[in-house]
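Have a look at the structure below before the remarks.
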Number of protein chains: 2
Amino acid sequence: MVNYKKHNLDQVFSVLSDPTRRAIIQELSRGEKTVKKMAEPFDMSLPAFTKHLKVLENAGLVSYRKVGKYKYYYLHPKGIDYATNWLNELSSYWKGQLTSLEKYLLDSEENKGGNKNDHNE
Amino acid sequence: MVNYKKHNLDQVFSVLSDPTRRAIIQELSRGEKTVKKMAEPFDMSLPAFTKHLKVLENAGLVSYRKVGKYKYYYLHPKGIDYATNWLNELSSYWKGQLTSLEKYLLDSEENKGGNKNDHNE
DNA sequence: TTTATAGTTAACCATGTAGTTAACTGTAAT
DNA sequence: ATTACAGTTAACTACATGGTTAACTATAAA
């Protein structure tokens, strides 16, 4: 078997793969908000929206504090840092590891508009 | 409606949410490999494995060159950079934007082992 | 005390995803 | 010419996900 650890990268990236949830995160990065306020701009039912919040909560990306009948949600950056770090480490590793063949392939793909050996459109 | 653009962040993060696919990416960051070689360490059928490769391919994260009966896969860093940049921008924005309330909440959550107002476990 | 507001829960539906096995194509080796 | 090997395609299964509506709880306002 391979050396991947499950930690919660699965969860974090999965959370981030939904545009609604990314939008929520971006919104919350501007400050805490109530559920209703956050939900407003989205074209979906409130239950649908709060499901997304639950997903964010379960992944540890947001928390809330309750004030009367309101729930004020705020961002929890640590979970996101996990994902950010994974990608940054990968990127820097990758950038140091390019073989000349790979550099060649990358180059020819970026300069010409297509390459016989490049089957990705 | 909200200002999210769909581009391919959905796809890229969704790709990254699977541990097999992250492992493939890490493996390929060490250099190109054939399908069989990559698949070896994984406890799944070859068709299951090549589906993951297709997913990576469709998201533009890998390409291959064909040599005889072999397909040599290699990494395409641009797609990953997309995701990395999104997260880095978010992170830096977020770090500049903390309100004092949020700072307080974060602090009390990191120092004590739990907080009355923090409903995330 | 009745009504409005914020948010949740439950039951349901449609679609997508990750895996399986079996059968196939194409290239290389005997 | 036959066999072996690398990889794909197809048909199927099980389960997760993202949405819906309807009915509910709890707090606040009239």
Discussion item. Tell me if the side-chain of B:K36 makes a donor-acceptor pair with the base of D:dG7, cut-off 3.5 Å, by modelled atom types.
Written reply: no

Worksheet entry | Contact list for residues 19-40 of chain B, test ring-ring contact (aromatic ring centres under 6.0 Å, His included), sequence neighbours left out | none

Discussion item. Applying side chain to side chain donor-acceptor pair (under 3.5 Å), can you list everything that pairs with B:N85, at least two apart in sequence or on another chain?
Written reply: none

Worksheet item: What's the CZ-P distance between B:F49 and D:dG7, to the nearest Å?
Response: 10 Å

Item to complete: Assign each of A:V67 and B:V35 to its nearest nucleotide of DNA chain D by heavy atoms, then name whichever residue's nucleotide is nearer the 5' end.
Response: B:V35

Worksheet entry | Results of side-chain contact (heavy atoms from CB on, under 4.5 Å) for B:Y70 - residues two or more places apart only | B:T34, B:Y72

Worksheet item: Is the distance from OP1 or OP2 of D:dT8 to the nearest side-chain N or O of B:K71 less than 4.0 Å?
Response: yes

Item to complete: Please check the phosphate of D:dG19 (OP1 and OP2 only) for any side-chain N or O of A:H52 closer than 4.0 Å.
Response: yes

Item to complete: Could you tell me whether the phosphate oxygens of D:dG7, OP1 or OP2, come under 4.0 Å of any side-chain nitrogen or oxygen in B:T50?
Response: no

Practice prompt. Go through the structure and list residues passing salt bridge (charged side-chain N to carboxylate O under 4.0 Å, His left out) with A:K54, not counting sequence neighbours.
Written response: A:E57

Worksheet item: Roughly, in whole Å, what's the span from OH in A:Y70 to C1' in D:dA26?
Response: 13 Å

Worksheet entry | Spacing of B:Y64 atom OH relative to D:dG7 atom C1', expressed in whole Å | 11 Å

Worksheet entry | Protein-nucleotide distance (A:K66, atom NZ; D:dT27, atom P), rounded to Å | 6 Å

Worksheet, complete the sentence: Between CG of A:D18 and P of D:dG18 the distance, given in whole Å, is 5 Å

Response to the item:
Students should find that the nucleotides of DNA chain C closing off the region near chain A, any atom under 4.0 angstrom from a heavy atom, are C:dT5 to C:dT9

Worksheet, complete the sentence: Which of A:K71, A:K66, A:R65 passes salt bridge (Lys or Arg N to Asp or Glu O under 4.0 Å) with A:E32? It is A:R65

Fill in: Given D:dC5, D:dT21, D:dG18, the nucleotide with the shortest approach to the side chain of B:K69
D:dC5

Response to the item:
Between NZ of B:K54 and P of D:dT8 the distance, given in whole Å, is 6 Å

Worksheet entry | Separation of atom NZ in B:K51 from atom P in D:dT8, rounded to whole Å | 13 Å

Worksheet item: When the distance from CG of A:D10 to C1' of D:dC15 is rounded to whole Å, what number comes out?
Response: 16 Å

Worksheet item: Counting N and O atoms only, with roles assigned by atom type, does the side chain of A:D18 sit under 3.5 Å from a partner on the main chain of A:R21, one being a donor and the other an acceptor?
Response: yes

Fill in: Set of side chain to side chain donor-acceptor pair (under 3.5 Å) partners for A:K33, sequence neighbours left out
A:E27

